[in-house]
Amino acid sequence: MTLKLPEETLKKLERLGTEYDAIVQDMLSDGIEPLQKQIESNLKEVIGKGTKSKPRSKGNLIKAVRVTKAYQVANGDWHIKVGIYGYDSDGVPNALKAMVLEHGRSDMAAKPWLKPAISATKKQCVQTMVETFDKKVDKL
């Protein structure tokens with residue numbers, strides 16, 4: 001089987017040269033921003049809502065949302081992660097609290113925040129990466 005890329009795409013790829021790694025890192029960093037913002041927004045909406053007792057949230061879970069730097073794995077693929085890191089003042093992992101919110105527990109209904117954030121921003125993240133790619137390649 002033979003695949004032929006469009007001529008325009010081939011020309012853009014040829015212009016990358018040694019700038020490939022830097023461009024990929026910029027694309028991933030720019031592309032993850034809409035997801036990070038949506039995650040933080042969704043967390044604000046679900047924390048403390050629909051509880052039987054007064055919420056005790058101090059907003060630390062929202063502050064625990066972090067994005068890693070773009071990194072390359074052994075097979076050459078590039079990755080970037082947005083996640084919940086750290087522990088609360090009682091030593092409970094913030095990621096555990098976040099997943100309990102997402103999936104619920106026996107005495108608490110699920111309050112999905114992650115899956116809706118991913119669904120809502122997938123196209124926007126891809127579009128942002130494409131725009132960043134085009135800007136960087138046009139500068140070369």
Side-chain angles (χ1 to χ4, degrees):
M1 180 166 81
T2 304
L3 294 174
K4 294 188 178 184
L5 292 172
E7 195 66 32
E8 179 183 325
T9 304
L10 284 173
K11 288 179 183 176
K12 286 181 178 181
L13 290 173
E14 287 173 1
R15 283 191 269 164
L16 290 181
T18 59
E19 298 295 317
Y20 174 79
D21 290 345
I23 290 173
V24 169
Q25 290 175 11
D26 290 343
M27 286 172 52
L28 290 173
S29 296
D30 292 349
I32 200 79
E33 286 179 14
L35 178 60
Q36 179 187 9
K37 289 176 183 174
Q38 188 67 46
I39 284 173
E40 290 170 353
S41 172
N42 286 5
L43 274 173
K44 285 178 188 174
E45 290 176 15
V46 300
I47 292 175
K49 303 291 190 257
T51 58
K52 293 178 183 177
S53 59
K54 183 180 174 189
R56 297 177 293 167
S57 173
K58 297 177 184 120
N60 293 332
L61 195 57
I62 296 163
K63 294 175 190 171
V65 176
R66 298 265 188 327
V67 176
T68 65
K69 290 183 181 179
Y71 61 94
Q72 196 170 20
V73 295
N75 69 358
D77 290 346
W78 283 88
H79 292 215
I80 192 167
K81 296 178 185 178
V82 60
I84 309 291
Y85 296 94
Y87 296 85
D88 70 4
S89 58
D90 296 327
V92 178
N94 288 324
L96 175 64
K97 295 191 306 186
M99 287 301 102
V100 167
L101 274 174
E102 178 78 11
H103 301 289
R105 60 181 188 216
S106 63
D107 63 340
M108 185 179 107
K111 299 175 188 174
W113 56 272
L114 181 60
K115 193 169 183 178
I118 293 169
S119 298
T121 60
K122 187 173 185 177
K123 288 180 183 177
Q124 185 180 2
C125 290
V126 171
Q127 183 61 36
T128 303
M129 288 190 285
V130 168
E131 290 170 2
T132 300
F133 174 77
D134 289 339
K135 281 187 230 171
K136 296 288 183 178
V137 171
D138 289 343
K139 288 181 183 179
L140 296 177

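In this text the structure is predicted, and so the values were computed from the model without any measurement.
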Are any side-chain N or O atoms of N75 and backbone N or O atoms of D77, one a donor and one an acceptor, separated by less than 3.5 Å?
yes
Ignoring hydrogens, what is the shortest heavy-atom contact between C125 and G31? Give both atom names and the distance.
SG-O, 3.0 Å
Do the side chains of M99 and V65 join up, straight or via other hydrophobic residues, at under 4.5 Å, putting them in one cluster?
yes
Can you check whether T128 reaches D30 side chain to side chain, under 4.5 Å on heavy atoms?
yes
Determine whether L43 and L101 make a side-chain contact, defined as any pair of heavy atoms from C-beta on separated by less than 4.5 Å.
yes
Within-4.5 Å side-chain heavy-atom neighbours: V126 and K123
no
On a heavy-atom basis, which atom in A117 and which in I39 lie closest, and how many Å separate them?
CB-CG1, 3.8 Å
Kindly compute the distance separating CG (L61) from CD (E40), expressed to the nearest 0.5 Å.
10.5 Å
Can you confirm whether K111 sits close enough to I47 that some side-chain heavy atom of one is under 4.5 Å from a side-chain heavy atom of the other?
no
Can you find a heavy atom in the side chain of S41 that is under 4.5 Å from one in the side chain of K37?
no
Checking side-chain polar atoms at under 3.5 Å, does Q38 have a donor or acceptor matched by the opposite partner on N42?
yes
If you round to the nearest 0.5 Å, how far is CD of E19 from NZ of K139?
11.5 Å
Value for CG (D26) from NZ (K135), rounded to nearest 0.5 Å, stands at 10.5 Å
Which heavy-atom pair separates I23 from F133 by the least distance, and what is that distance?
CG2-CD1, 4.0 Å
Taking every heavy atom of E33 against every heavy atom of S29, the minimum-distance pair comes out as CG-O, 3.6 Å
Here the gap from H103 atom NE2 to L114 atom CG, rounded to the nearest 0.5 Å, amounts to 7.5 Å
Given the rule that I, L, V, M, F, W and Y join up when any side-chain heavy atoms are under 4.5 Å apart, are L28 and Y71 in one cluster?
no
Smallest heavy-atom separation, E102 atom then W113 atom, equals OE1-N, 2.8 Å
Side-chain heavy atoms nearer than 4.5 Å, only ILVMFWY residues, links allowed to pass through others: does that put W78 and M27 together?
yes
hydrophobic_cluster_shared for V67 and I118, side chain cutoff 4.5 Å
yes
Between L35 and Y85, is there shared hydrophobic-cluster membership here, with clusters defined by ILVMFWY side-chain heavy atoms closer than 4.5 Å?
no
Heavy-atom closest pair, residues N94 and D88
OD1-N, 3.7 Å
Out of curiosity, R66 CZ to K81 NZ, how far, rounded to the nearest 0.5 Å?
15.5 Å
